[in-house]
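Comments concern the structure below.
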Amino acid sequence: MADLPPLREVIARHGLSASKALGQNFLFDEQLLDRIAAIPGDLSGKQVLEVGPGPGGLTRALLRAGARVTAIEMDRRCLPALAELGEAFPGQLRVIEGDALKIDHAALMGGEPFAVLSNLPYNVGTALFVRWLGGEEWPPLWTSLTLMFQQEVAQRIVAQAGGSAYGRLAVLAQWRAEAKMAMKVHRSAFTPPPKVMSAIVHVVPGTMPEGVSARVLERLTEAAFGQRRKMLRQSLKGVSGAVEALETIGIDPQRRAETLSVAEFVELARALTN
Ligand code: SAM
């Protein structure tokens, strides 16, 4: 493995000032990056999809861990720095220039299983998260998701029923996968520092409950949490058969969405799946 120049030097040499429009907050602390790369377990020889490598801090850590990395980056200013990194780790890094929201990840990874690691801007991260966790096909091709979010979003993903953080993201993340808070990251770890604290969420696929359509469950959570202050008998009016199904399976229609456990949402979706 070649000796690499410090990241700050790479950034200065390639003129990679952080772009606010692209949500760029870079990580330079190699020890922290190695700890992040270790979250999914041993990556040696494994396929990894990294979204938004930027100047390549996390990418280096993944390559050091022996992963075969495919990295999607839409800021072409970063490509020369990433190309240098590819030369230092021959055959381990493939860089794709583009918008990760517009790319078919399973096809890009050649239909082989892969771990996902990413430090993305908030809006893009949430959109990809919803996409990775949605759909009827399960288990997915990804073996784990290790994603940096604003801490408040990370808390929503791992939230339990009963609190204000609990909502669509929690149900989506937990009904057929396990989601846990893996690490909190202080804002001062980033350059430039963002306004809020960050946290890394780690998700692994679990078993899909039988007889439940993902589409039905998604529609239910959308309606229920779209009007989270209302009783279910009101918020679920627009979902055909849902209010009757509540009665059949013994869920009080006067309850509100945030009091329903993930298991209860699954039960309700099962009653509506035909
Ligand atoms: N991974 C680097 C790090 O941790 O230092 C950079 C993180 S920075 C928060 C986010 C990166 O994602 C930026 O390099 C940005 O250009 C890239 N990015 C933003 N939106 C993207 C998208 N839709 N597809 C691919 N990359 C994107």
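Everything numeric in this text was worked out from a predicted model, so none of it was measured. Ligands are counted one by one from 1 in listed order, and the atoms in each one are counted from 1 as well.
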Heavy atom under 4.0 Å from ligand 1: found in Pro53's side chain, backbone, both, or neither?
backbone

Atom 15 (C) of ligand 1 - nearest protein heavy atom and its distance
Glu73 OE2, 3.5 Å

Are the aromatic rings of His105 and Trp142 close, with centres under 6.0 Å apart?
no

If we only consider heavy atoms of Lys102, is any one of them less than 4.0 Å away from an atom in ligand 1?
no

Which residue supplies the protein heavy atom nearest to atom 13 (C) of ligand 1, what is that atom called, and how far is it?
Gln24 CG, 3.5 Å

For residues Phe129 and Tyr122, establish whether the separation of their ring centroids is below 6.0 Å.
no

List the closest protein heavy-atom neighbour of atom 4 (O) of ligand 1: residue, atom name, distance to the nearest 0.1 Å.
Asn119 ND2, 2.7 Å

Residue and atom name of the nearest protein heavy atom (relative to atom 22 (C) of ligand 1), distance in Å to one decimal
Met74 SD, 3.1 Å

Would you mind finding which of Pro121, Ala100, Ala18 brings a heavy atom closest to atom 24 (N) of ligand 1?
Ala100

Which part of Leu58 is near ligand 1, with near meaning a heavy atom under 4.0 Å away: side chain, backbone, both or neither?
neither

Looking only at protein heavy atoms, identify the closest one to atom 6 (C) of ligand 1 and say how far it is in Å.
Gly52 O, 3.5 Å

Any side-chain donor-acceptor pair under 3.5 Å between Gln47 and Thr70?
no

Backbone N or O of Pro192 within a donor-acceptor pair of the Asn25 side chain at under 3.5 Å?
yes

Sub-4.0 Å heavy-atom approach of Gly98 to ligand 1
yes

Under 30°, 30 to 60°, or over 60°: which ring-plane class applies to Phe225 and Tyr166, parallel, tilted or perpendicular?
perpendicular

Would you indicate whether Glu178, at its atom CD, is surrounded by more than 12 heavy atoms from other residues, nucleotides or ligands within a distance under 6.0 Å?
no

Please test Arg94 against Glu50 for salt bridge (charged side-chain N to carboxylate O under 4.0 Å, His left out), starting from the C-alpha separation and ending with a verdict.
CA-CA 10 Å; Arg94 177 167 64 129; Glu50 188 196 357; over 6 Å; no

Interfacing atoms of ligand 1 (cut-off 4.0 Å, heavy-atom, Asp75):
16 (O)

Record the part of Glu50 in heavy-atom contact with ligand 1 below 4.0 Å; permitted values are side chain, backbone, both and neither.
side chain

